[in-house]
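A short write-up of the structure that comes next.
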Amino acid sequence: MNVKTGSTLIFRSLRPCLSLRSSCRGHQQSASQAPKHPAKRAERTEFRPAATSKYDWIGPPDRLSNLRPIIYHIPEHETPQERKLRHLRQETEDWNHEFWANQNFTFSKEKEEYVRSQLSAKGLSERDDDGRKRTLSIEEMAVFYKHFLDKNIARHANYNREWYRRNFTITLLMARVALDNTWRTLTGQTRGTARGKGKTT
Amino acid sequence: MYKTPCSRLTGVWKCLSRDGLVGVGVQQKLIANVARSHMSARRLIQLCRRDQAEWMTFQHLCFLKRQYVKSSSVLCQRARPKQEHVASVLDDRDDSVVRQVQQIPALKPEPGTVAPPCDPTEPEAARAARLEARQWKELKVEYSDLPGIYARLSKLKLTALVVTTAAAGYAMAPVPFDPVTFLMASVGTCLSSCTANSINQYFEVPFDSNMNRTKNRPLVRGQISPLHAVSFALACGIPGVTLLTLGVNPLTGFLGALNIFLYTCCYTPLKRLSITNTWVGAVVGAIPPVMGWTAATGSLDPGALLLGGFLFSWQFPHFNALSWNLREDYSRGGYRMMSVTHPGLCKRVALRHSVGLIGLSALGPVLDVTTWTFPLVSLPINLYISYLAFRFYRYGDRQNARKLFFCSLWHLPMLLLLALTCKKSRVPQDEAPVAPSTPSPAL
């Protein structure tokens with residue numbers, strides 16, 4: 001427990017405030033061995049599932065991107081297909097996180113700037129007499145919302161295309177992996193043994 | 001895990017704010033809970049007996065709990081991520097509520113928890129890590145949760161509305177009522193709608209995560225995998241369309257498949273590309289009553305198109321009013337909706353189609369679908385929704401948008417009900433007025 005607390009503290013201090021990019025792929029612990037301490041997803045979370053868990057774990061929505069991170073379970077004898085699927089899912093998750101973190105951050109920043117510029121154009125200060133932040137009316141904000149959408153239309157369209165493509169690929173691969181596993185179970189093959197139909201001697 | 005304490009808390013909080021006095025029942029419960037700690041009980045009763053002017057604040061409650069929990073060390077709970085018990089049952093609650101609840105230690109110990117004493121010197125980082133660990137859920141599908149998950153995946157309430165409009169279409173058709181066909185048409189429409197909604201949610205996971213309205217959907221929370229959702233969609237869609245094609249008639253089956261295609265492959269991607277998505281969505285909404293009619297008659301009559309027209313026109317005041325108050329979310333999520341990009345058009349279209357409903361109602365007797373009483377009895381509700389649409393057009397504020405939206409929710413069922421009551425009854429053949437079609441041989 002102490003080691004974990006210590007490592008948690010270290011990770012927290014190293015974590016940048018705005019992690020717009022995650023540099024590492026998370027390959028989390030395998031079921032059989034003692035939990036290794038993966039240093040890879042340190043930027044986004046310090047949570048580590050127990051070693052005995054055989055399932056993936058999903059976390060709370062990320063602060064920046066509102067997407068939920070997943071820690072993937074690595075089975076004992078992972079087939080190449082399963083590894084490819086896991087890598088693809090992890091990579092898509094990171095790519096998604098980066099896009100949305102960027103999007104939300106840019107939106108907030110531009111919204112603040114817009115509000116500030118509108119208020120200064122009217123000659124008002126940022127905070128009113130009660131110390132509360134001044135807000136603009138819905139109609140004034142609507143101008144900003146429209147502008148934001150129009151400005152980003154190409155970017156959104158590209159993201160859309162890419163997201164659909166990745167989603168399809170991942171689902172097809174998941175289907176293949178599931179079918180392979182079912183086939184293996186039905187024909188009585190076990191993982192990681194000598195290939196062929198048999199049991200080991 | 002959080003249901004009982006939270007609901008108790010909510011009960012207390014609601015009780016307090018409503019009449020200023022802790023309700024007797026809740027008081028008893030609280031007292032029962034603190035019974036072991038005399039000090040805390042006395043304090044609680046003292047607080048309760050204060051006069052109405054002095055409210056028991058949330059801070060008092062937290063303070064009491066702290067006292068109670070500290071004094072009885074057994075109850076001081078420190079949550080460890082226990083993998084075998086961690087609730088893979090994700091609450092229906094909003095995440096924000098779950099986060100709030102996690103700030104408060106539970107009043108009762110979790111069964112099987114080892115409770116080390118609370119460490120007031122626990123470093124902040126470790127505490128935060130512990131709280132975060134509680135929010136991680138194992139992605140293990142509990143079979144008992146599946147019905148609820150499927151219900152949310154297929155947007156069951158919306159599906160029910162769609163099936164109702166299809167049933168109304170069937171009922172309005174000028175043919176004798178056949179319960180078997182009716183049932184098959186309803187089930188087929190239900191399954192098709194489930195498919196369309198599931199595929200829609202499958203496509204929209206990252207967008208749904210970022211909008212408040214949709215962030216508790218099953219795929220967003222990871223309650224099932226994308227493959228599972230697609231399999232469910234196929235398991236609903238294939239039998240659904242097959243049932244419609246073989247059990248009802250091919251035209252209805254075709255319309256069902258067309259609707260699924262329009263919704264998943266046209267409307268869903270278009271939402272992020274162009275404002276024409278609203279018109280496509282209106283067509284999607286208009287097809288179910290047409291399907292109901294064709295299930296009954298087997299052909300695409302003007303009456304079917306009239307009913308479809310009702311739904312088509314109704315969509316605009318309904319959706320435009322809804323989207324008016326979600327402009328920020330739509331903008332941030334990258335959705336191109338009229339309310340954001342063309343606000344003037346949004347209001348005009350809503351008004352135009354609300355008024356158009358009056359005209360469509362007048363077509364009822366013209367097309368022999370309803371009697372002449374229908375335009376008259378439906379005039380009040382049509383005028384009311386047009387009035388609200390006019391106010392929305394004129395003022396364009398949140399209040400008027402909300403009013404228009406909520407009006408549209410009851411307006412449609414009322415309209416369909418009135419149409420049903422004013423349905424033109426078909427005189428049966430043998431009672432038809434005797435008018436010899438052939439000249440009598442005697443003459």
Quiz item: Given the rule in the side-chain hydrogen bond (donor to acceptor under 3.5 Å, both in side chains) test, do B:His228 and B:Tyr202 qualify, once you have shown the distances and angles that lead to the verdict?
Solution: CA-CA 10 Å; B:His228 193 153; B:Tyr202 161 73; over 6 Å; no
Quiz prompt | side-chain hydrogen bond (donor to acceptor under 3.5 Å, both in side chains) between B:Glu328 and A:Tyr145, intermediate numbers included | solution = CA-CA 7 Å; B:Glu328 176 167 357; A:Tyr145 297 144; 3.0 Å; yes
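Contacts between residues 332-344 of chain B and chain A, defined by a heavy-atom separation under 4.5 Å, are made by B:Arg332, B:Gly333, B:Gly334, B:Tyr335, B:Arg336, B:Val340, B:Thr341.
With sequence neighbours excluded, the residues satisfying side-chain contact (heavy atoms from CB on, under 4.5 Å) with A:Arg161 are A:Asn158. Scored by the side-chain contact (heavy atoms from CB on, under 4.5 Å) test, A:Lys151 finds A:Glu110, A:His147 as partners (sequence neighbours excluded).
Residue pairs meeting the salt bridge (charged side-chain N to carboxylate O under 4.0 Å, His left out) criterion with at least one partner in residues 171-183 of chain A, sequence neighbours excluded, are absent.
Using a distance-only test at 3.5 Å, with no hydrogens or angles considered, a donor-acceptor pair links the side chain of A:Asn104 to the main chain of A:Leu64. Side chain of A:Trp57 to backbone of A:Tyr72: no donor-acceptor contact under 3.5 angstrom is found.
Looking at A:Asn160, only its side chain comes within 4.5 Å of chain B, counting heavy atoms on both sides. Looking at A:Ser108, there are no atoms closer than 4.5 Å to chain B (heavy atoms on both sides), in backbone or side chain. Both the backbone and the side chain of A:Asp56 have a heavy atom closer than 4.5 Å to some heavy atom of chain B. In this structure, the portions of B:Thr268 lying under 4.5 Å from any heavy atom of chain A include both its backbone and its side chain.
At a threshold of 4.0 Å, the pair A:Arg165-A:Glu162 counts as salt-bridged, since one of the basic side-chain nitrogens sits closer than that to a carboxylate oxygen.
With chain B as the partner, the residue from A:Phe99, A:Phe144, A:Tyr159 showing the most heavy-atom pairs under 4.5 Å is A:Tyr159.
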